[in-house]
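Scope of the values below: all heavy atoms of this structure, side chains included, with no hydrogens, waters or symmetry mates.
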Amino acid sequence: MTTWWQAVASLRHDREAGVLVTVTDVRGHAPREAGAKMVVSARRTWGSVGGGNLEAEAVRRARTLLESQGTKPETFEGHLSDKAPIQPEEIRHGVQCCGGEVAVLLEPLPVVPSVAIFGVGHVGLELARILARHDLDLYLVDSRAEQLTAERLAPLEDAVARIEVHHAVLPELVLAGVPRGTHVLVMTHDHAEDAALCDAALRCDHLGTIGLIGSSAKAARFRQNLAADGHAPEVVARVHTPIGLPDLRGKEPATIAVGVAAALLRTIESEAPPRSSTVRRVATAPDAGQVTGPVEPAGT
């Protein structure tokens, strides 16, 4: 039997969105106690918050949240009474007459961003240290095995991110296996390797942004070479170079990494649906149907 926390981990591993459903409060008699949880995806459920109409409504609302790609938590109240209004389509789930009232919280579990760093040298490692503190999938790729030893990557042991390390003699072969929408950062030790990666990345149709580290002179040379390789101007323009913050002039690896990370996180935030600190509440009352309204954060 899969537990709810195993289900959450499985969805994260498979990069599939879900919703965590929690019974937050119980007044009177109810099938499950406060704290009961279940996980809902587009096709499956794990765990239970009590079965019957309450659980069917929770699943319905969770999947509506998934379809709308909502990021804000929602709450609703279920009245477990045979006198509460029941829609005809709900009869198949049975009438729950425990007599209690249950508050339920729906928390979206979105698919996290994905970032691939090609080249884990001085700048690449500093960048990995910054990005590892964020909730994302992080791929570290290098053609040099000595750059990927456990000792060298020890600063990442307490990472929030899920990290995958790839030693590849031909790093461009890793591109096909990264998730759709992955942001690619090219910063290897070898300009020829950088060129092969940029060429291969432009031939992929599943990647997010493509960033190349280097000077303005390197950027101009790479654009010219990529065009000579047959890439159209609008395709070549997908390679963002130089990367980072132009007004951050320090050349230390940690400084460069801060600029690259800041620019990337800004891009990731711009792509994400807007978030809110309020919780959307849909309260179901036996005598008042459904009412919807925002709930102010605690302390306001």
Is a side-chain N or O of His134 found less than 3.5 angstrom from the main chain of Val160, in a donor-acceptor match? no
More than 12 heavy atoms from other groups under 6.0 Å of NE2 on His166: yes
Between OG of Ser10 and NE2 of His13, what distance do you get to the nearest 0.5 Å? 8.0 Å
Heavy-atom pair of closest approach, residues Val236 and Ala227: CG2-N, 4.0 Å
Option among Leu175, Thr241, Val239 that satisfies the side chain to side chain contact (heavy atoms under 4.5 Å, CB included) test with Ile210: Val239
Got a second to check how far Thr45's OG1 is from Met38's CE, nearest 0.5 Å? 4.5 Å
Using a strict 4.0 Å threshold on nitrogen-to-oxygen distance, state whether Arg63 and Glu67 make a salt bridge. no
Share the residues that join Leu170 in a hydrophobic cluster, the rule being Ile, Leu, Val, Met, Phe, Trp or Tyr side chains under 4.5 Å apart at the heavy-atom level. Leu173
Holding to salt bridge (charged side-chain N to carboxylate O under 4.0 Å, His left out), I want the full list of residues that pass it with Arg43, two or more places apart in sequence or in another chain. Glu16
Set of residues satisfying salt bridge (charged side-chain N to carboxylate O under 4.0 Å, His left out) with respect to Arg162, sequence neighbours excluded: Asp137, Glu164
Other ILVMFWY residues reachable from Leu11 by side-chain steps of under 4.5 Å: Trp4, Trp5, Val8, Leu20, Val39, Trp46, Leu109
Interatomic distance, SG@Cys198 vs CZ@Arg238, rounded to 0.5 Å, equals 11.0 Å
Closest non-hydrogen atom pair, Leu106 against Ala62: CD1-N, 4.1 Å
Applying side chain to side chain contact (heavy atoms under 4.5 Å, CB included), name anything that partners Thr64, two or more places apart in sequence or on another chain. Arg60
In Å, rounded to the nearest 0.5 Å, how long is the span from OG1 of Thr209 to NE2 of His183? 5.0 Å
Pair Asp25 + Arg27, salt bridge at N-O below 4.0 Å: yes
Please check if the side chain of Asp194 supplies one atom and the backbone of Thr188 the other of a donor-acceptor pair under 3.5 Å. yes
Apply the test side chain to side chain contact (heavy atoms under 4.5 Å, CB included) to residues Leu105 and Val21: give CA-CA distance (whole Å), side-chain angles for both, the deciding distance (0.1 Å), then the verdict. CA-CA 6 Å; Leu105 172 66; Val21 181; over 6 Å; no
Look up atom CZ in Arg144 and atom NE2 in His189, then write down how far apart they are to the nearest 0.5 Å. 4.5 Å
Got a sec, which pairs hit side chain to side chain donor-acceptor pair (under 3.5 Å) with one end in residues 107-119, sequence neighbours left out? Ser114-Thr182
What's the verdict on side chain to side chain contact (heavy atoms under 4.5 Å, CB included) for Tyr139 and Val174, showing C-alpha distance, side-chain angles and the deciding distance? CA-CA 10 Å; Tyr139 297 80; Val174 178; 5.7 Å; no
How would you list, by chain and number, every residue that makes a side chain to side chain contact (heavy atoms under 4.5 Å, CB included) with Ala196, sequence neighbours excluded? Glu172
Counting only heavy atoms not in Gln224, do more than 12 sit closer than 6.0 Å to its CD atom? no
Trace of the side chain to side chain contact (heavy atoms under 4.5 Å, CB included) decision for His167 with Asp142: CA-CA 5 Å; His167 171 231; Asp142 207 296; 5.9 Å; no
From Glu101 CD over to Glu77 CD, what is the distance, rounded to the nearest 0.5 angstrom? 6.5 Å
The criterion is salt bridge (charged side-chain N to carboxylate O under 4.0 Å, His left out); which residues satisfy it with Arg203, sequence neighbours excluded? Asp199
Residues in salt bridge (charged side-chain N to carboxylate O under 4.0 Å, His left out) with Asp190, at least two apart? none
If hydrophobic residues (ILVMFWY) are linked whenever their side-chain heavy atoms come closer than 4.5 Å, directly or via other members, who joins Ile256 in its cluster? Val115, Ile117, Val120, Val123, Leu125, Leu127, Leu131, Leu136, Leu138, Leu140, Leu148, Leu153, Leu156, Ile163, Val165, Leu185, Met187, Ile213, Ile243, Val260, Leu264, Leu265, Ile268
Filter on side chain to side chain donor-acceptor pair (under 3.5 Å), then keep only pairs touching residues 250-269, sequence neighbours left out; what's left? Glu252-Thr255
Could you tell me whether a side-chain N or O of Thr24 sits under 3.5 Å from a main-chain N or O of Ala103, the two making a donor and an acceptor? yes
List for me each residue that meets side chain to side chain contact (heavy atoms under 4.5 Å, CB included) alongside Glu126, sequence neighbours excluded, and say none if there are none. Arg129, Pro253, Ala254, Ala257
Side chain to side chain contact (heavy atoms under 4.5 Å, CB included) evaluation trace for Val104 with Leu54: CA-CA 9 Å; Val104 180; Leu54 174 67; 4.1 Å; yes
When Gln69, Arg15, Arg180 are each screened for side chain to side chain contact (heavy atoms under 4.5 Å, CB included) with Val111, the one that passes is Arg15
Expected output: side-chain Gln6 to main-chain Thr3 donor-acceptor under 3.5 Å: yes
